[in-house]
2 protein chains.
Amino acid sequence: MATIDDVAKLAGVSKGTVSSVFSKKRPISQEVTERVLSVAKELGYFPNHVARSLAIKKTMIAGLKMPLSKDGRMSAFETQMISGVIKECSAHGYRLLLDTLPEHDDPTQFSLDPVDGVIMLNPRKDDPRIARLQQMGIPLVLVGRPDPLDDAVSFVDNNNTEAAYQVGEYLLKLGHRSVLFLNASSDMTVALDRKRGLADAYLQQGLVLAEEQILHYSRKLYASQIDYGYRSMMNTYGKMNYTAVITDTDRAAVGVLRAAREMGIAVPDRLSVIALSNDATLAQETTPRLTSVELSADKLGAEAARLLVEKMARPEVVKQTIIDAALVFRESCKSI
Amino acid sequence: MATIDDVAKLAGVSKGTVSSVFSKKRPISQEVTERVLSVAKELGYFPNHVARSLAIKKTMIAGLKMPLSKDGRMSAFETQMISGVIKECSAHGYRLLLDTLPEHDDPTQFSLDPVDGVIMLNPRKDDPRIARLQQMGIPLVLVGRPDPLDDAVSFVDNNNTEAAYQVGEYLLKLGHRSVLFLNASSDMTVALDRKRGLADAYLQQGLVLAEEQILHYSRKLYASQIDYGYRSMMNTYGKMNYTAVITDTDRAAVGVLRAAREMGIAVPDRLSVIALSNDATLAQETTPRLTSVELSADKLGAEAARLLVEKMARPEVVKQTIIDAALVFRESCKSI
DNA sequence: CTGAAAGCGCTTACAG
DNA sequence: CTGAAAGCGCTTACAG
């Protein structure tokens, strides 16, 4: 590859001049501009982004740290969150560095990445990466809240507890007392939040949530979310006692609906189904259409990116944003 | 941020030594290593990835060029392809730079990106970016074939024409003559390929495919793929004459199934439905389960990444890979 | 095992 | 409007 030196030499100018022709940071006469451009074209010269980044200490790249699960596949949540992040970054002229590489524990392997800021998905408890990024002085926004809470770090999160509370309150109002809750994987903080919210709704009515009717997703046990819903229904209906089922994703609800159809259980007449939704287009298109709480991952992603762009401009600001999710009433729930 | 110089000075060694402690490229005595590491920790030093990349001319980053549609959302295809690319890149220690920024036509804006290779989705006809990347000497793999074909460029593609041919052949064998084809958006080369394959199957039997029964997806007209399937059925059933419908995605098929249910049309007894599938988990979980051709976008992405990794090691090799998709028989088709 | 110095390809005050 | 030179933070022969 030709470098700025080659161009400067052949065009008979200094490299400062060539630099200015490309960056337009200072005016260059039309004659010289044309000469430089034509030499550049002849030589197949393109400015080297890495060299430029080193000189100006800016890459116009945002980093997204997102650990990949063991099987290497992305979940629907991750997928949609990325979609939201990209859309927003792109609108602000940033590109996105997707970093799914596992962390080493070798302190020698950390490096100051080629990014101007970082979005980090699902930080772990006492996540050491948070302190490290702050030490490096890299603007950071979390998706999901830090544990323990820390008002020096910006994040966006859903109101998971509140959303689950609303679901519980609604089902109780409809007269349901016994529910099957197909919760998220038990190692996720959202699973805890949701369980807590639901339990709170019960307590509010002086009732207590039956813990044994809460199931947890597991990648080992189920082939997919749909499978999780389908087989959980098949395995428990008739054995356990419930008049409503709450699912953690729309896809699990699709599985539940299918199982119900196959067993001849009318929804919502004999069974109510309600989803914590991450895919609004799917929830609207099942039969019957799903009553759900819409937690859109892409909104989380877009908002995180917005905060990050702001923080890259003004590193000192901290914002902690809770994205509200509210119940959307459709046709899959009924009072008993 | 502390630099390598700061560490070298405070530890009383040269920067070459500090460099070696972190890169492990030459042996450093245990004593010196410990001293350097402790000073680095004290100063909060982390090697600068950009500076390192400039020196070694390598970033360990793969680029993915993928134009974003007007509304900024990613399609299911894009989403899944990314998933495949990430999985494979990650397995080889590469990170992924997602580049959705639109192209300028200002020649001054092109730059030699901070990547070791590029995967480009859906190249346009006579795409100027291809020549430019080759000129820069950056390893390139296309997803979708170049137009015109060029045996100097590596790509992966589905056998779209063949897949559509198989669908046509199968439906004709079942006795269907008149079909509704919910094709992809008309500006995509896959839409042409698929139409051609289907038409070929008809010709093979001395029949001719009714062009007016081919519909095209449009982002303007439909809110989603499911909506596309649903409304197309609703608008045409009874008016047009067909005994089978072919959809371009699983989601469109979900919409078709829903419309059929609402209109009381039994599938597959009165209507056969077959999908060109990009989401196998969904196709298996509808009622009835969808007969489909499985074109998995994630396989395309993973294979593209595999080719790129190979090409970054040996830039001179060119591979053009067609990923076969074959019919999977489930329960949504029947002979008449 | 370690150091001094040149080099990677840009940008940017400073001077004219 | 343009040039000469120092600087961005690393790596890597070369020499010892």
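Chain letters run A, B, ... following the sequence lines, proteins first, then strands; residues in each count from 1. All figures in this text were calculated on a predicted structure; none of them were measured in a lab.
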*How many Å lie between CG on A/Asp113 and C1' on D/dG9, as a whole number?*
15 Å
*Nucleotide C/dC8, atom P - distance to NE2 of A/His49 in whole Å*: 20 Å
_Qualifying residue, where the test is side chain to side chain contact (heavy atoms under 4.5 Å, CB included) with A/Val118 and the options are A/Val141, A/Leu142, A/Leu140_ = A/Leu140
_Nearest-angstrom distance from the residue atom CG of A/Asp6 to C1' of C/dC10_ = 13 Å
*Closest listed nucleotide, where the reference is the side chain of A/Ile28 and the choices are D/dC8, D/dT2, C/dG3*: D/dT2
*Pair A/Arg306 + A/Glu310, salt bridge at N-O below 4.0 Å*: no
*Considering only atom C1', compute the distance from C/dT12 to C/dG16 and round it to an integer number of Å.*
16 Å
_C/dG7 base / B/Arg52 side chain donor-acceptor hit below 3.5 Å_ = no
*Rounded to the Å, how far apart are B/Asn48 CG and D/dC8 P?*
12 Å
_First encountered from the 5' end of DNA chain D, between B/Gly16 and B/Leu54_ = B/Leu54
*asked:* Please compare B/Val13 and B/Leu112 by the position of their nearest nucleotide in DNA chain C and report the one closer to 5'.
replied: B/Val13
*So which heavy atom on B/Leu96 is nearest to which on B/Gly63, and how close?*
CD1-C, 4.5 Å
*Nucleotide nearest B/Tyr45 (side chain, heavy atoms from C-beta), chosen from D/dA4, C/dT12, D/dC10*: D/dC10
*Choosing from D/dC8, C/dT2, D/dG9, which nucleotide comes nearest the side chain of B/Arg26?*
C/dT2
*Grab the CD1-P distance between A/Ile4 and C/dG7 for me, whole Å please.*
18 Å
*Measure from the side-chain N and O atoms of B/Ser154 to the backbone N and O of B/Lys319, and report whether any donor-acceptor pair falls under 3.5 Å.*
yes
*asked:* Pick the closest DNA chain C nucleotide for A/Phe22 and for B/Val32 by heavy atoms, then say which residue is nearer the 5' end.
replied: B/Val32
*Please state whether the phosphate of D/dG9, meaning OP1 or OP2, lies under 4.0 angstrom from any side-chain nitrogen or oxygen of B/Thr3.*
no
*Reckon B/Lys57 has a side-chain N or O less than 4.0 Å from the OP1 or OP2 of C/dG9?*
yes
*N/O (side chain, B/Ser19) to phosphate O (OP1/OP2, D/dT12) under 4.0 Å*: no
*Roughly how many Å is it from NZ in A/Lys25 to P in C/dC10, rounded to a whole number?*
14 Å
*Any-strand Watson-Crick or G-U partner of C/dC1, both distances under 3.5 Å*: D/dG16
*Rounded to whole angstroms, how far apart are NZ on B/Lys9 and P on C/dG3?*
14 Å
*Which nucleotide in the set D/dA6, C/dG3, C/dT12 lies at the smallest distance from any side-chain heavy atom of A/Lys15?*
D/dA6
*So, are A/Asp298 and A/Lys87 salt-bridged, with charged N and O less than 4.0 Å apart?*
no
_N/O (side chain, B/Thr17) to phosphate O (OP1/OP2, C/dG3) under 4.0 Å_ = yes
*Output the single nucleotide from C/dC1, D/dT12, D/dG3 whose closest atom is nearest the side chain of B/Pro27.*
C/dC1
*Backbone N or O of A/Ser20 within a donor-acceptor pair of the A/Arg26 side chain at under 3.5 Å?*
no
*State which of C/dA4, D/dG9, C/dC10 makes the closest approach to the side chain of A/Ala55.*
C/dC10
*Let me know the distance between CG of B/Asp5 and P of C/dA4, rounded to the nearest Å.*
12 Å
*asked:* With a cut-off of less than 4.0 Å, is there a side-chain N or O of A/Ser29 near OP1 or OP2 of D/dT2?
replied: yes
